[in-house]
J.: 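Questions regarding the structure given below will be posed in turn.
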Amino acid sequence: MALHDNGYVFKPDEQPFMAGSPASPIHKGKRKLAYVLIGLLLIFCAGLQNGLLSANVPQMRGALALDVMQGVWVQSAYLMGNAVMGFMWLKIRQHYSLQKFVRWTLLLMFVSNMLQTFSNRFELELIARFVMGVGTSGLLTLGMFYSMQTFRAGSALIPLALSAGLMQAVSSLCYMISPTLMADGNIEAIFVFQLAITLICLSAVLWLPLPKGYHEPSLTWQDWLTFGLFATGMALLCGYLSLGNVLWWTTNWLGFLLAGGVGLIGLALWFEAGRERPLINWHWISARQIAYFLLMAMMTRLFTTEQSVGAGGVLNLMGLSSEQLYDYYKIIFLASLAGLVMSIVTLNPKDVRKNTVIALFGIALGAYLDIGVTVDTPVSHFYVSQALIAFATFYFSGPVMLEGMVRAIAEGIDQIAGFIAVFSATQVLGGLLGNAVFGAYVNIKTTEHLSNLAAQIVLDNGTITAQNATQAMQMANMEARILAYNDLFFVIWVVVSVMFAVKFVVWAYRRYHKIDVLEVEMQKLQAYLESTKA
């Protein structure tokens with residue numbers, strides 16, 4: 001039976017790509033523009049929800065009277081919900097229908113915003129952040145679907161490559177608008193603003209719904225069991241990596257988080273290995289080409305945290321206000337957008353790994369330019385280096401996601417959910433691992449440098465009084481931390497330079513011999529797209 005909506009029968013080339021996806025009729029004029037604008041609004045809202053809190057963590061902790069560990073748990077709760085829900089949203093759309101997915105996503109966003117706006121308790125904030133993580137995962141997909149209505153055939157994959165990166169780019173924008181929203185020092189202004197944006201999104205989706213799709217039975221109790229094990233394991237790992245530098249890694253009970261996280265994820269993969277139609281196809285994920293691709297994506301994501309841990313740490317140490325950092329974040333935001341646009345403009349499916357090579361070069365160069373900072377270094381010193389890293393981050397993110405999706409679709413529609421699960425996990429864990437490892441390295445090197453500097457501070461017959469000795473120690477502590485950040489920049493420069501050299505040699509070899517890493521997958525994808533039109 002042909003798919004139809006309000007009397008209109010969709011043509012073969014307008015049929016949904018898969019169950020749980022909207023149809024793709026040909027839109028004209030203002031309607032086409034409206035779809036892409038609503039898509040951008042939804043993606044903007046998804047990035048805004050976490051970005052505004054990340055930009056105002058101290059204010060949030062003060063308003064809710066949270067200690068440092070509670071503040072970290074609130075931030076981690078969002079990641080726990082966001083990291084694991086993407087692949088289940090896919091199965092939920094396929095099983096329950098696209099329309100129900102839209103309603104549930106927007107309802108979750110509304111509930112989380114209401115909890116934040118009208119409650120001031122840690123427990124409710126924790127729940128709100130977790131629900132928000134789940135909701136924004138669906139909201140990003142919804143924004144992508146709206147944007148895809150403007151594109152046709154193979155070009156419909158462009159919004160897929162842009163969406164996740166655009167959502168992350170909004171984080172820099174949040175640092176720019178936060179001073180205005182927080183002008184009166186009231187964190188509730190942030191929560192009200194988030195609620196208002198969510199209501200605007202709800203109104204836009206009701207005003208212009210997505211075209212109809214179809215659904216089919218897709219979920220089983222085994223899928224929910226896998227999801228429960230995998231999601232709980234990821235949540236425990238997120239907690240472990242987030243709290244390590246706060247409580248320090250030798251804290252006994254942190255080991256239980258690590259052991260539980262690894263054990264539950266391993267149990268989920270073991271359970272999936274014996275299924276006829278697994279949610280996560282471990283045999284395909286662990287294949288050499290896929291495993292290498294995921295590892296490189298994770299490592300590249302890990303080193304992009306130089307921006308938040310390295311340069312961000314130095315700027316926080318200097319005690320600069322949001323107003324003083326406005327130009328800095330504006331440059332980061334513009335560089336991020338430039339990276340996203342250029343990643344699509346220069347994308348060549350026959351040379352898809354080129355973007356990762358260029359991204360590694362940008363990260364290495366940015367880290368090198370940051371070496372040698374002092375307590376007197378102006379914020380303008382970071383403009384070029386961090387613009388390079390921001391550009392590199394977003395230049396690689398879209399094509400990497402696109403390559404993975406092409407490989408998954410070419411292997412079979414059933415592989416998409418598993419790929420999204422593992423890819424999302426590698427990106428979240430890569431970011432958290434970068435923060436954890438780099439943060440721990442800075443703390444260790446700070447202690448070493450402080451020990452050397454403290455040895456030079458000697459009380460000599462009252463020439464150095466107890467008061468100015470304390471001041472000298474404070475200055476020594478700041479100097480030690482600056483030296484530690486310089487060590488971090490140097491290590492990142494060396495390691496990423498080596499990665500760049502290796503990747504460049506491999507890329508040059510493939511280019512010289514005209515080896516296309518996606519040739520087989522692109523042929524399969526093309527054949528699949530043609531079969532759906534028949």
Side-chain angles (χ1 to χ4, degrees), residues 153-158 160-162 164-165 281-304 338-368 388-389 391-412 415-416 418-420 422-424 426-427 430 492-530:
S155 61
L157 291 175
I158 292 177
L160 176 66
L162 283 173
N281 190 336
W282 177 241
H283 299 293
W284 177 70
I285 294 294
S286 61
R288 182 179 63 85
Q289 188 79 309
I290 302 300
Y292 174 76
F293 158 75
L294 290 170
L295 177 63
M296 286 305 303
M298 180 176 179
M299 292 301 293
T300 306
R301 175 69 183 91
L302 184 152
F303 284 107
T304 61
L340 270 176
V341 173
M342 287 302 295
S343 70
I344 299 302
V345 172
T346 63
L347 180 62
N348 180 5
K350 296 183 179 181
D351 191 17
V352 73
R353 297 285 174 82
K354 175 187 65 178
N355 293 64
T356 303
V357 175
I358 294 175
L360 288 172
F361 176 77
I363 296 170
L365 181 57
Y368 175 78
L388 281 170
I389 293 177
F391 180 91
T393 300
F394 292 92
Y395 187 71
F396 104 94
S397 60
V400 166
M401 178 66 174
L402 191 61
E403 178 186 350
M405 286 298 292
V406 168
R407 291 185 180 278
I409 296 170
E411 186 66 19
Q415 307 300 340
I416 295 179
F419 167 74
I420 292 175
V422 177
F423 182 78
S424 299
T426 60
Q427 293 301 286
I492 292 176
W493 169 60
V494 171
V495 175
V496 179
S497 294
V498 171
M499 289 177 61
F500 163 72
V502 173
K503 285 289 293 181
F504 178 79
V505 170
V506 174
W507 170 78
Y509 175 83
R510 288 185 178 134
R511 187 174 177 85
Y512 178 78
H513 292 282
K514 297 181 180 179
I515 299 174
D516 181 2
V517 297
L518 281 180
E519 181 178 6
V520 175
E521 287 79 5
M522 288 300 293
Q523 290 175 353
K524 290 181 179 180
L525 177 60
Q526 187 63 34
Y528 174 79
L529 291 175
E530 291 177 357

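Predicted model, so just to flag it, every value in this text is computed and none were measured.
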J.: For the residue pair Asn355 and Thr346, what are the closest heavy atoms and their distance?
T.: ND2-OG1, 4.3 Å

J.: Could you give the distance from CG (Leu340) to OG1 (Thr393), rounded to the nearest 0.5 Å?
T.: 10.0 Å

J.: Identify the two heavy atoms, one from Val357 and one from Lys503, that lie closest to each other, and give their separation to 0.1 Å.
T.: CG2-O, 3.9 Å

J.: I'd like to check the ring-ring contact (aromatic ring centres under 6.0 Å, His included) partners of Trp507; sequence neighbours left out, ordered by chain and number.
T.: Phe504

J.: In terms of relative ring orientation, are Phe391 and Tyr395 parallel, tilted or perpendicular, with 30° and 60° separating the classes?
T.: parallel

J.: Which heavy-atom pair separates Trp493 from Ala367 by the least distance, and what is that distance?
T.: N-CB, 3.9 Å

J.: Just to verify, what does Arg510 make a side chain to side chain donor-acceptor pair (under 3.5 Å) with, not counting sequence neighbours?
T.: none

J.: Quick one: closest heavy-atom pair of Gly362 and Leu388, and the distance?
T.: O-CB, 4.0 Å

J.: Does Phe500 have more than 12 heavy atoms from other residues, nucleotides or ligands lying within 6.0 Å of its CZ?
T.: yes

